[in-house]
Amino acid sequence: MTDHRNSATPIDPAKLDRLAEVAVKVGLGLRPGQDLLLTAPAIALPLVRRIAVHAYKAGAGIVTPILSDEEMTLARYRNGHDSSFDRAAGWLYEGMAKAFSDNTARLAIVGDNPMLLSGEDPTKVARASKANSMAYQPALEKIVNFDTNWNIIAYPSPSWAKQVFPGDAEEVAIGKLADAIFAASRVDREDAIANWASHNAVLRERTNWLNGKRFRALQYTGPGTDLTIGLADGHEWEGGASLAKNGISCNANIPTEEVFTTPHCRRVYGHVVSSKPLSYQGTLIDNIAVRFEDGKIVDARASRGEEVLNKVLDTDEGARRLGEVALVPHSSPISQSGLLFFNTLFDENAASHIALGQCYSKCFVNGAKLTPQQIAAQGGNQSLIHIDWMIGSAETDIDGILSDGSKEPVFRKGEWAK
């Protein structure tokens with residue numbers, strides 16, 4: 001088949017502009033006069049520039065970009081002093097936290113090579129990650145608590161494209177990844193904003209049904225899986241557009257196919273296996289198999305990347321407990337694409353999943369008014385990490401357990417039962 005696009009521009013400029021517009025209008029719901037803090041890999045400048053255009057057209061105050069670069073990241077690991085791997089730019093994150101407190105919107109563009117650090121010292125990678133997580137906490141708290149409106153989108157960088165399509169020439173791979181991102185992000189059509197309104201309405205129907213049921217727990221069964229996930233006291237399901245504490249409705253993730261809530265971090269029992277690999281900081285962790293007792297992972301194995309998995313689990317006390325449970329049908333567009341994106345923003349939307357670590361206070365009834373102590377008392381988890389991994393498949397059944405112990409089908413063979 002002949003590709004009709006110019007080989008010098010494998011990324012469709014009209015769809016890229018549409019993604020920028022959707023990020024500003026749907027992802028952020030940016031308000032006139034609101035500032036925007038934007039982080040992105042330097043390679044994504046074409047998208048960064050289009051976002052700036054749409055943000056200023058929407059009345060943005062100041063758009064401040066912060067760019068990263070793969071070569072500079074590698075330079076640190078190959079030439080940096082050993083002691084530097086226990087440090088992070090805390091001053092930067094403190095400034096970001098202050099900006100979010102002052103109602104600045106947050107937009108992140110992902111696109112770095114997911115395997116960038118695969119050849120570097122895993123101990124240094126783990127140390128740097130922990131130091132960065134600790135320094136990032138002031139800003140992260142503002143995000144996970146939805147103090148401000150925020151959004152994550154993706155850009156098809158050459159290094160990422162070659163990971164997803166290793167058998168193709170670079171330009172072809174970039175074009176294929178761009179098309180996959182545009183399709184998953186629902187900007188491969190001219191009526192993208194209207195399509196997002198319809199999609200959000202479908203997700204809201206799901207959350208309304210789940211919130212009406214008030215399930216006490218979810219029971220998962222499937223190959224290698226017999227898992228009961230207790231749900232936090234006063235939990236609330238979310239999906240699609242969410243209302244941030246500043247009163248702005250935003251779609252935090254583009255794309256998104258999930259509805260999610262907070263599990264009770266002390267009421268998870270049984271065993272579960274991953275249905276797709278987890279790409280984590282340059283390591284592919286495959287065939288994860290864990291066992292829970294009283295909410296805590298007491299045994300963890302993986303056919304690949306087990307050492308890294310165990311380092312993650314040892315991050316802190318909350319790293320062995322769950323902070324999120326999410327439902328995604330096997331028929332989701334990202335699942336049906338058959339692609340492994342090596343990026344959680346996409347891969348988590350291919351299957352039902354769970355997340356180790358920090359919970360979202362948003363996923364509680366009146367969560368905006370709860371203190372961290374109240375959230376913990378109701379079963380919410382606290383941790384430096386939040387890492388999603390997939391456990392759903394076409395063979396997964398999920399039952400909701402009601403307060404009287406009776407069960408009701410939620411998923412059958414990987415699809416919604418109702």
Side-chain angles (χ1 to χ4, degrees), residues 27 140 143-146 150-152 184 199-220 227-244 249-265 267-268 272 274-276 278 295 318 321-330 332-335 343-365 367-368 370 375 378-383 385-392 396 398-400 410-411 414-416:
L140 181 63
I143 294 171
V144 298
N145 292 329
F146 272 87
W150 59 276
N151 172 241
I152 305 175
H199 183 51
N200 278 329
V202 171
L203 293 174
R204 179 55 56 196
E205 286 180 15
R206 297 296 187 192
T207 60
N208 287 343
W209 180 78
L210 288 162
N211 285 328
K213 288 296 178 180
R214 308 307 313 165
F215 290 125
R216 186 183 71 199
L218 297 177
Q219 185 175 38
Y220 293 69
L227 181 71
T228 299
I229 299 178
L231 300 180
D233 300 334
H235 70 276
E236 187 163 64
W237 288 87
E238 294 282 344
S242 294
L243 191 66
S249 180
C250 63
N251 271 81
N253 290 352
I254 289 180
T256 185
E257 302 290 336
E258 65 175 341
V259 294
F260 59 97
T261 195
T262 298
H264 197 296
C265 68
R267 298 177 187 163
V268 184
V272 64
S274 61
S275 56
K276 295 179 183 291
L278 166 64
R321 299 179 185 271
L322 297 185
E324 179 191 342
V325 56
L327 303 177
V328 179
H330 181 67
S332 81
I334 295 174
S335 174
N343 186 295
T344 301
L345 178 63
F346 291 83
D347 291 334
E348 73 171 3
N349 287 296
S352 291
H353 54 273
I354 51 180
L356 303 172
Q358 180 65 40
C359 74
Y360 291 117
S361 64
K362 176 71 175 173
C363 293
F364 286 90
V365 176
L370 298 177
I375 289 172
Q378 291 179 212
N381 194 34
Q382 296 177 318
S383 176
I385 67 168
H386 181 95
I387 300 173
D388 302 85
W389 51 285
M390 282 50 74
I391 62 172
T396 302
I398 304 173
D399 287 301
V410 177
F411 267 50
E415 299 297 329
W416 287 99

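Because only heavy atoms are used, hydrogens play no part in the values below, and waters and symmetry mates are left out as well, while side chains stay in.
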Problem - Nearest atoms (heavy-atom pairs only) where N253 meets E258 - result: ND2-OE2, 4.0 Å
Practice task
Look at the side chain of H199 and the backbone N and O of T256, then say whether any donor-acceptor pair between them is shorter than 3.5 Å.
Solution key: yes
Exercise for the section: Can you see which heavy atom on A217 is nearest to which on G230, and at what distance? Expected result: CB-CA, 3.8 Å
Problem - Any P329 side-chain heavy atom under 4.5 Å of E415 side chain - result: yes
Handout entry: Y360 and H386 aromatic ring geometry - parallel, tilted or perpendicular at 30°/60° bounds
Key = tilted
Exercise for the section: Find out whether L243 and K362 are in side-chain contact, i.e. whether some heavy atom of one side chain is under 4.5 Å from a heavy atom of the other. Expected result: yes
Exercise for the section: Please tell me if the side chains of V272 and Y220 come closer than 4.5 Å, counting only heavy atoms from C-beta onward. Expected result: no
Fill in the blank from the handout: In terms of heavy-atom contacts, A232 and F364 come closest through CB-CE2, 3.7 Å
Handout entry: Flag, side chain of Q358 to backbone of S383, donor-acceptor distance under 3.5 Å
Key = yes
Handout entry: Between SG on residue C265 and CG on residue L356, distance to nearest 0.5 Å
Key = 12.5 Å
Handout entry: pair I334-P255: side-chain heavy atoms closer than 4.5 Å
Key = yes
Fill in the blank from the handout: Those residues at least two apart in sequence (or on a different chain) that pass side-chain hydrogen bond (donor to acceptor under 3.5 Å, both in side chains) with D233 are R267
Completion exercise
CG (L231) and CZ (R214) are apart, to the nearest 0.5 Å, by 9.0 Å
Practice task
Drop me the distance from W416's CH2 to H330's NE2, to the nearest 0.5 angstrom.
Solution key: 16.0 Å
Practice task
Using a 4.5 Å cut-off on heavy atoms from C-beta on, say whether the side chain of R206 contacts that of L327.
Solution key: no
Problem - Interatomic distance, H264 atom NE2 to L322 atom CG [nearest 0.5 angstrom] - result: 12.0 Å
Completion exercise
All heavy atoms of V328 vs all of E348, minimum pair found to be CG2-O, 3.7 Å
Handout entry: Smallest separation among heavy atoms of S332 and A350, with atom names
Key = OG-CA, 3.8 Å
Exercise for the section: With the side chain counted from C-beta on, respond yes when H235 and Q378 share a heavy-atom pair under 4.5 Å apart, and no when they do not. Expected result: no
Practice task
Mark yes or no for whether S335, through its side chain, and A351, through its backbone, hold a donor-acceptor pair below 3.5 Å.
Solution key: no
Handout entry: Counterpart residues, side-chain hydrogen bond (donor to acceptor under 3.5 Å, both in side chains), relative to S361 (two or more places apart)
Key = N145
Exercise for the section: Answer yes or no: is there a side-chain heavy-atom contact under 4.5 Å between N251 and W150? Expected result: no
Exercise for the section: Find the distance between CD1 (I229) and OG1 (T262) and round it off to the nearest 0.5 Å. Expected result: 12.0 Å
Completion exercise
Value for CD (Q382) from CD1 (I375), rounded to nearest 0.5 Å, stands at 8.0 Å
Handout entry: T207 vs R204 side-chain heavy atoms within contact, under 4.5 Å
Key = yes
Practice task
Verify, without hydrogens or angle tests, whether T396 (side chain) and G414 (backbone) share a donor-acceptor contact under 3.5 angstrom.
Solution key: no
Fill in the blank from the handout: By side-chain hydrogen bond (donor to acceptor under 3.5 Å, both in side chains), D388 pairs with (sequence neighbours left out) none
Problem - Sidechain-backbone polar pair: N349 side chain, E257 backbone, donor-acceptor under 3.5 Å - result: yes
Exercise for the section: Return yes if some donor-acceptor pair links the side-chain N/O of N211 with the main-chain N/O of W237 below 3.5 Å, else return no. Expected result: yes
Practice task
For residues S274 and W389, report the shortest heavy-atom separation together with the two atoms involved.
Solution key: CB-CE3, 3.7 Å
